[in-house]
Amino acid sequence: EESQGSDKTEVADSDTLKTLQQVDSIDSDVDPMERSWPTRQNSRSSVLSEWDIPYEELEIQDLIGAGRFGRVFKGKWHGDVAIKVFNIETDNDLQLASFKTEVSMFRKTRHENLVLFMGACMKLPHLAIVTSLCKGKTLYDTVRDRRETLNMSRIVNIATQIAQGMGYLHAREILHKDLKSKNIFLENGKVVITDFGLFSVTKLIQYGERKDDTLAIPPGWLPYLAPEVITSLRATSQYTDSDLPFSQASDVYAFGTVWYELLVGDLPFKTQPAESIIWQVGKGLRQSPSNVQSRDAKDILMQCWKTQPDKRPQFSDLTQTLDRLPRKRLTRSPSTPLHLSRSAES
Ligand code: ADP
Ligand code: MG
């Protein structure tokens with residue numbers, strides 16, 4: 001069933017990642033017959049139409065929450081769904097093109113650890129993405145729930161599933177850009193990652209108005225940001241997504257923070273103000289997981305949190321490392337003093 005045609009599709013997909021202006025390159029997966037159809041004004045819309053959900057077909061129910069880019073509703077569309085409604089200015093063509101490009105990538109994601117993309121509403125003013133509704137708890141809530149017993153083998157199992165889902169995304173040349181425990185759900189032990197690629201759809205600046213030189217930083221965001229990204233935050237006054245050097249390596253850094261949460265039950269730099277976190281991370285300082293006993297577990301953290309992006313492992317390396325962890329020993333290995341506070345460059 002996988003034909004030569006789908007190889008071309010892969011090429012088109014990596015192109016779409018590179019630049020927003022290349023929305024038209026998606027045309028390569030249009031059926032040639034369809035392409036020459038005389039009444040088609042725009043073959044791009046025909047590609048996307050397969051995933052178009054007419055807004056009228058959606059039954060929008062309760063508001064689940066509001067995030068950086070819009071609101072999330074529970075709804076019905078052939079069953080329970082989550083509907084993400086975007087606040088995109090109607091006159092911004094580039095943002096609209098960006099939205100369509102991202103959506104064209106989501107339809108290629110089929111992995112058991114990634115939320116199921118069902119379709120999107122593409123017609124202004126109703127821009128929305130429809131995914132399966134995650135019914136479990138987020139990892140954010142799970143690690144903070146004292147009733148949850150996260151032993152080491154469970155932690156390794158969760159981390160492995162995250163690394164597998166992320167490895168799949170990277171193999172498809174999709175960056176997550178917003179990997180965090182709030183975007184990871186646990187459903188009967190199964191990890192479901194959400195919100196991959198959505199960061200690009202919206203501008204960070206939408207989160208809040210900047211006042212003079214102060215940064216508008218969503219709470220809880222900085223601990224996931226790699227030093228190279230944090231440094232760019234500081235350097236630019238009017239940044240957009242493309243100014244921030246997100247990469248596979250910055251996704252791996254964010255995974256490191258999720259790993260820390262799994263081990264410690266909270267975020268690094270928890271009580272510190274934004275300026276202080278920015279300064280410390282920029283200087284190469286990292287939070288030390290003081291009460292983690294296992295040297296192997298700390299080692300993974302140090303690898304993911306390396307200052308230099310190219311020194312960090314890939315997700316495929318991480319799944320192997322996690323697999324090789326001696327799980328029994330992990331819980332009771334004698335504490336090896338390890339000075340993490342200075343950056344992990346050694
Ligand atoms: P954040 O990820 O920062 O919490 P979002 O805008 O992504 O912000 O999500 C808003 C709310 O909707 C959160 O409570 C989140 O858990 C919930 N949510 C997002 N996506 C889904 C989904 N696919 N299924 C169920 N709940 C979801
Ligand atoms: Mg989210």
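Start at 1 and go down the list; that is how both ligands and their atoms are numbered. When reading the values below, keep in mind they use all heavy atoms of this one structure, side chains included, and skip hydrogens, waters and symmetry mates. Given the structure is predicted, the values throughout are model-derived calculations rather than measurements.
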Undergrad: Closer than 2.8 Å to the Mg ion (ligand 2), do we get an N, O or S atom from N183, backbone or side chain?
TA: yes
Undergrad: Is the distance between the Mg ion (ligand 2) and the nearest N/O/S atom of D178 smaller than 2.8 Å?
TA: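 Of the N, O and S atoms in D178, none lies under 2.8 Å from the Mg ion (ligand 2), which means no.
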Undergrad: At less than 4.0 angstrom from any non-hydrogen atom of D195, what atoms of ligand 1 do you find?
TA: 2 (O), 7 (O)
Undergrad: Would Q280 and S276 count as a side-chain hydrogen bond (donor to acceptor under 3.5 Å, both in side chains) here? Give the steps.
TA: CA-CA 6 Å; Q280 289 179 78; S276 161; 2.9 Å; yes
Undergrad: Counting only heavy atoms, which portion of C134 has something under 4.0 Å from ligand 1: side chain, backbone, both, or neither?
TA: both
Undergrad: Can you tell me if Q320 and S316 form a side-chain donor-acceptor pair at under 3.5 Å?
TA: no
Undergrad: Show which atoms of ligand 1 fall inside a sub-4.0 Å distance from at least one heavy-atom site of S132.
TA: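 With S132 as reference, the close atoms of ligand 1 come out as 23 (N).
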Undergrad: Test of understanding: given a 4.0 Å heavy-atom threshold, classify the contact between L133 and ligand 1 as side chain, backbone, both, or neither.
TA: both
Undergrad: Is it true that D195 and K84 make a salt bridge, defined as a side-chain N closer than 4.0 Å to a carboxylate O?
TA: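 Yes.
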Undergrad: Could you tell me whether the side chains of T307 and R286 share a donor-acceptor contact shorter than 3.5 Å?
TA: yes
Undergrad: Between K135, K84, R71, which one has a non-hydrogen atom sitting closest to atom 20 (N) of ligand 1?
TA: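 It is K84 that holds the nearest heavy atom.
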Undergrad: Identify, by atom number and element, the atoms of ligand 1 in contact range of T131, meaning under 4.0 Å from any of its heavy atoms.
TA: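 Taking each heavy atom of T131 in turn, ligand 1 has 23 (N) under 4.0 Å.
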Undergrad: For ligand 1, which atoms sit closer than 4.0 Å to a heavy atom of A82?
TA: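 Per the distance check, 22 (C), 23 (N), 24 (N).
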Undergrad: Just go through I64, I129, N183, D80 and tell me whose heavy atom is the nearest to atom 12 (O) of ligand 1.
TA: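 Ranked by closest heavy atom to atom 12 (O) of ligand 1, first place is I64.
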Undergrad: Could you verify whether a donor N or O on one side chain and an acceptor N or O on the other, from T109 and Y168, lie under 3.5 Å apart?
TA: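 Per modelled atom types, T109 and Y168 side chains form no pair under 3.5 Å.
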Undergrad: Any side-chain heavy atom of T321 within less than 4.5 Å of one from P313?
TA: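 Of all side-chain heavy-atom pairs linking P313 with T321, none is under 4.5 Å.
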Undergrad: Would you please name every residue forming a salt bridge (charged side-chain N to carboxylate O under 4.0 Å, His left out) with E59, sequence neighbours left out?
TA: none
Undergrad: Would you say the rings of F106 and W51 are close, in the sense that their centroids are separated by under 6.0 Å?
TA: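 So the answer is no for these two rings.
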Undergrad: With respect to the Mg ion (ligand 2), what is the nearest N, O or S atom of D195?
TA: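 The Mg ion (ligand 2) is closest to the D195 atom OD2, counting only N, O or S.
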Undergrad: Run the side-chain donor-acceptor check on residues 124-136: report pairs under 3.5 Å with partners two or more places apart or on a different chain.
TA:
residue	atom	partner	partner atom	Å
S132	OG	L116	N	3.4
K135	NZ	D80	OD2	2.8

Undergrad: For ligand 1, note which part of K180 has a heavy atom under 4.0 Å away: side chain, backbone, both or neither.
TA: side chain
Undergrad: Taking only non-hydrogen atoms of F185, do any sit less than 4.0 angstrom from ligand 1?
TA: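 It does; at least one heavy atom falls under 4.0 Å.
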